[in-house]
Amino acid sequence: MDEQDFFGEGELVAVLTTQPLDRKLDYKAPEGGCFRGAFVEVPLGPRKVLGVVWGKGRGDFDYSKVRSVNRVLDVAPMRDEMRGFLERVSEYTLTPMHAMLRLATRAPGLSDPPSMRKIYRLGEGEPSRQTDARKRVVETLTEYGGLAFTLKELSDMAGVTSSVVKGLVKQGVVREEDTPRDVPFFRLDPEHAGKDLTADQAAGADALRAGVRSGKYGTTLLRGVTGSGKTEVYLEAVAECLRMGRQALVLLPEIALTAEFLTRVEARFGSKPAEWHSGVTMTERRRIWKMVGQGGAQVVIGARSALFLPYQNLGLIVVDEEHDTSYKQDDGVLYNARDMAVLRASICGARVVLASATPSLESWANAEAGKYEKLELTSRFGEAVLPEMKAIDMRVEDLPGSCWISPSLQRAVNTRLDKGEQSLLFINRRGYAPVTICRACGHQIGCDHCDARMVEHRFLKRLVCHQCGETKPMPEECPSCHVEGKLAPVGPGVERLAEEAQTHWPEARLAVLSSDLFGSARALKEGINTIAEGGADIIIGTQLVAKGHNFPLLTLVGVIDADLGLQGSDLRAAERTFQLMRQVAGRAGRSEKKGQALLQTFQPEHPVIRAILSGDELGFWKTEADERRHAGVPPFGRMAGIILSSPDVQQVFDLGNALARSDGPLRAIGAQVFGPAPAPIARVRGRHRVRLLVKAEKSAPIQAALAQWVGQFKLKGDIRLSVDIDPQSFY
Ligand code: ADP
Ligand code: ZN
């Protein structure tokens with residue numbers, strides 16, 4: 001750090017806090033001074049809040065009234081590159097800086113003194129009376145030669161209750177000590193257990209290693225079918241990063257962050273990496289945050305917000321399943337973790353690996369344009385081969401009205417049952433039936449707060465709104481005409497499909513995999529393990545099964561409604577369907593047995609269905625890219641969505657119209673505004689939603705224009721406005 005980065009006691013510093021203020025506040029540097037980037041506690045009104053010293057104070061305030069920084073926190077200061085990164089994300093996503101800082105400090109108790117916990121090691125004393133249990137405790141401690149354990153670890157390892165250990169503490173046989181909780185992670189060893197790679201895997205690993213060694217920014221798109229060994233290959237890039245003494249981050253969609261994956265990383269490097277996602281305890285979060293900042297964590301495996309941890313020396317970011325839509329979700333800040341990973345890496349001279357079997361059109365286009373390097377793994381590892389894909393033309397199948405498993409698909413399942421192999425029936429819809437209709441009056445049961453139908457969940461015995469989560473019991477009578485006993489389900493969900501499967505195959509063991517049917521991540525994991533070990537003959541599943549799980553006995557995938565994703569006006573409908581279908585199909589035949597995927601469709605000639613079946617990915621992307629280029633939409637043009645919402649429908653439309661009329665700043669950069677129109681889901685949680693869409697050329701400075709445009713209006717009352725740059729979906 002330079003001299004000018006230090007502020008002596010009493011000098012004015014500008015502090016960014018996590019409070020919703022539109023500027024940084026001036027404070028006097030505390031006793032002993034502080035550096036730029038220091039995390040500090042400052043007084044704000046009657047409270048004490050967290051902040052970061054951003055630079056020199058503005059000094060536009062009476063010096064004698066300026067308060068002092070309370071204290072500098074005992075954590076690594078924020079690095080210049082991190083401040084730069086937060087500023088760039090803020091500018092790109094039009095997010096205020098206080099919200100960015102909040103995202104970057106998502107760990108509790110950063111200002112607390114280090115907390116302590118009790119550990120146990122061998123003491124000097126002799127037990128008054130020897131028992132087997134006591135002997136085991138002493139033996140365990142002796143065996144590990146002086147190491148200390150937590151109470152739980154020790155009692156588990158010795159196979160005794162914790163009171164046995166406590167009893168030994170009283171007699172001085174075991175010593176109880178306090179130790180700080182925030183301890184570094186075990187070192188990971190890049191040489192621990194590498195696999196012998198196949199020729200194209202080895203070539204891929206070499207290329208990625210060379211990239212990491214260059215120490216310069218660069219992005220590689222690593223494409224390869226499911227099971228081709230992408231994970232094995234990028235773990236070699238992680239190893240190289242470790243050899244260079246730099247940190248590595250592997251981002252996964254939350255749902256793919258399984259214990260199985262962590263075990264694999266541990267097997268490769270000999271110790272557990274840091275694990276960052278919504279299920280991690282608060283204490284562990286704080287430990288990771290601090291250790292990442294001090295270099296006490298070399299590898300983080302995390303969900304998207306792990307991108308905002310305070311790495312000291314980040315050398316590699318892997319974004320696995322880079323096409324996954326969950327990388328773009330509202331964390332209080334609306335950002336796409338994949339795109340921001342590239343940004344972060346370009347600031348700190350790190351490499352990025354984007355891995356996918358079915359890359360996003362964005363990444364594909366960037367690779368075509370030469371902005372990203374391309375790596376391909378073409379074959380599946382070992383004996384596994386890609387499944388054969390076929391359509392089942394539903395127009396010619398003989399199927400009664402409320403059944404969804406066609407005779408052709410039934411026959412295919414029968415064959416697997418005979419051979420003792422597994423089948424997966426896939427439908428991307430949770431619950432029993434998407435619609436409940438009254439056969440007396442035609443009324444469809446909707447959510448009271450949203451413009452959405454309630455979905456029947458028989459398992460829960462309730463109706464659930466998939467928008468807001470509101471539930472209610474299934475009524476006896478129609479809420480509209482009050483006739484009893486006339487409510488009927490329309491259409492299939494995963495639960496109803498299971499019911500149908502049960503009637504076809506009463507003897508078969510069925511397993512239903514849907515995110516809402518498992519109380520906890522652990523229960524889900526157990527369910528998946530049981531299935532993988534052969535504990536089911538037929539798996540009925542939603543999107544949940546499309547990601548990352550390995551079922552070696554599975555040889556048939558039946559897609560119940562391949563047309564489902566093609567409906568709707570979403571720009572990415574085709575791309576999403578293509579990706580999802582390919583991924584689901586990829587579940588079949590992951591080991592030696594060849595798999596088959598059957599797609600039930602009413603439109604087998606649809607270009608997307610044809611592309612899925614033919615496996616002509618390149619052809620699909622080229623066509624899709626041409627269409628989007630022609631329409632001037634992403635990735636060939638820029639888009640931004642504006643959602644206005646308010647309990648008052650008139651108010652949202654008034655503001656929407658006013659915005660549309662005052663589009664001067666947008667016209668100045670050649671951008672167009674569409675709308676206002678009711679959003680596709682026009683009411684959520686009782687708030688009416690109106691949408692405007694802005695389209696511009698790729699090179700247009702859209703952020704500045706948007707800021708100027710919406711800045712013309714002050715938001716009154718309970719109206720909310722959110723800007724979504726590069727919207728992923730339009731809901
Ligand atoms: P992907 O990430 O492309 O889906 P994985 O890396 O998960 O593929 O590989 C699929 C399976 O094959 C995994 O169980 C993995 O351990 C195994 N595998 C892949 N390559 C090798 C190899 N070279 N040696 C041993 N096992 C491998
Ligand atoms: Zn609702």
Side-chain angles (χ1 to χ4, degrees), residues 190-209 220-240 248 250-253 255-270 273 299 301 316-324 338 352-360 363 374-387 424 525 528-529 531-534 544-555 557 579-595 597 615 617:
E191 321 305 339
H192 182 74
K195 287 209 171 76
D196 290 332
L197 299 182
T198 63
D200 69 339
Q201 289 176 347
D206 273 345
L208 294 185
R209 274 195 294 259
T220 306
L221 176 59
L222 174 62
R223 191 160 83 85
V225 293
T226 323
S228 58
K230 294 184 293 299
T231 313
E232 299 297 340
V233 170
Y234 72 61
L235 286 181
E236 293 314 306
V238 172
E240 194 66 11
V250 178
L251 288 178
L252 291 170
I255 194 164
L257 252 169
T258 56
E260 184 195 340
F261 185 85
L262 289 156
T263 312
R264 245 177 111 171
V265 178
E266 188 183 355
R268 172 64 185 85
F269 299 113
V299 174
I301 310 290
L316 172 70
I317 308 176
V318 176
V319 185
D320 201 352
E321 311 280 359
E322 67 88 30
H323 63 279
D324 199 279
R338 176 195 62 215
V352 179
V353 175
L354 305 177
S356 173
T358 52
S360 59
S363 298
K374 265 190 290 193
L375 266 184
E376 303 227 4
L377 299 175
T378 42
S379 55
R380 282 189 154 186
F381 177 72
E383 304 283 320
V385 278
L386 267 187
L424 163 69
K525 192 190 136 220
I528 286 172
N529 283 346
I531 296 171
E533 285 157 14
L544 189 64
V545 296
K547 298 190 184 168
H549 310 297
N550 201 349
F551 301 124
L553 299 173
L554 183 72
T555 56
V557 171
Q579 288 161 343
L580 186 59
M581 292 298 113
R582 301 276 309 178
Q583 287 217 313
V584 175
R587 296 298 107 202
R590 291 205 68 180
S591 51
E592 355 20 282
K593 298 197 182 78
K594 183 164 170 66
E617 289 183 53

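Counting starts at 1 for both ligands and their atoms, in listed order.
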* Asked: Shortest non-hydrogen contact from F261 to T231?
  -> CE1-CG2, 3.7 Å
* Using a strict 4.0 Å cut-off to heavy atoms of L197, name the atoms of ligand 1 that fall inside it. => 23 (N)
* Which ligand 1 atoms, with their elements, are less than 4.0 angstrom from a heavy-atom of V225? -> 3 (O)
* Can a non-hydrogen atom of G224 be found less than 4.0 Å from any atom of ligand 1? -> no
* Asked: Side-chain contact, heavy-atom cut-off 4.5 Å: S356 with Q579?
  -> no
* Might you point out which heavy atoms bring G194 and E236 nearest each other, and give the distance in Å? => CA-OE2, 4.4 Å
* Asked: Under 3.5 Å, N or O to N or O, is G229 touching ligand 1 that way?
  -> yes
* Mark up the atoms of ligand 1 that fall under 4.0 Å of a heavy atom belonging to D196, in ascending order. => 22 (C), 23 (N), 24 (N)
* Structure fact -> Scanning both residues in full, the closest heavy-atom pair of L221 with S363 reads CD2-O, 3.9 Å
* **Side chain, backbone, both or neither: the part of K195 lying under 4.0 Å from ligand 1 by heavy atom** => side chain
* To do: Report yes if the side chains of Q201 and K195 come closer than 4.5 Å at any heavy-atom pair, otherwise no.
  => no
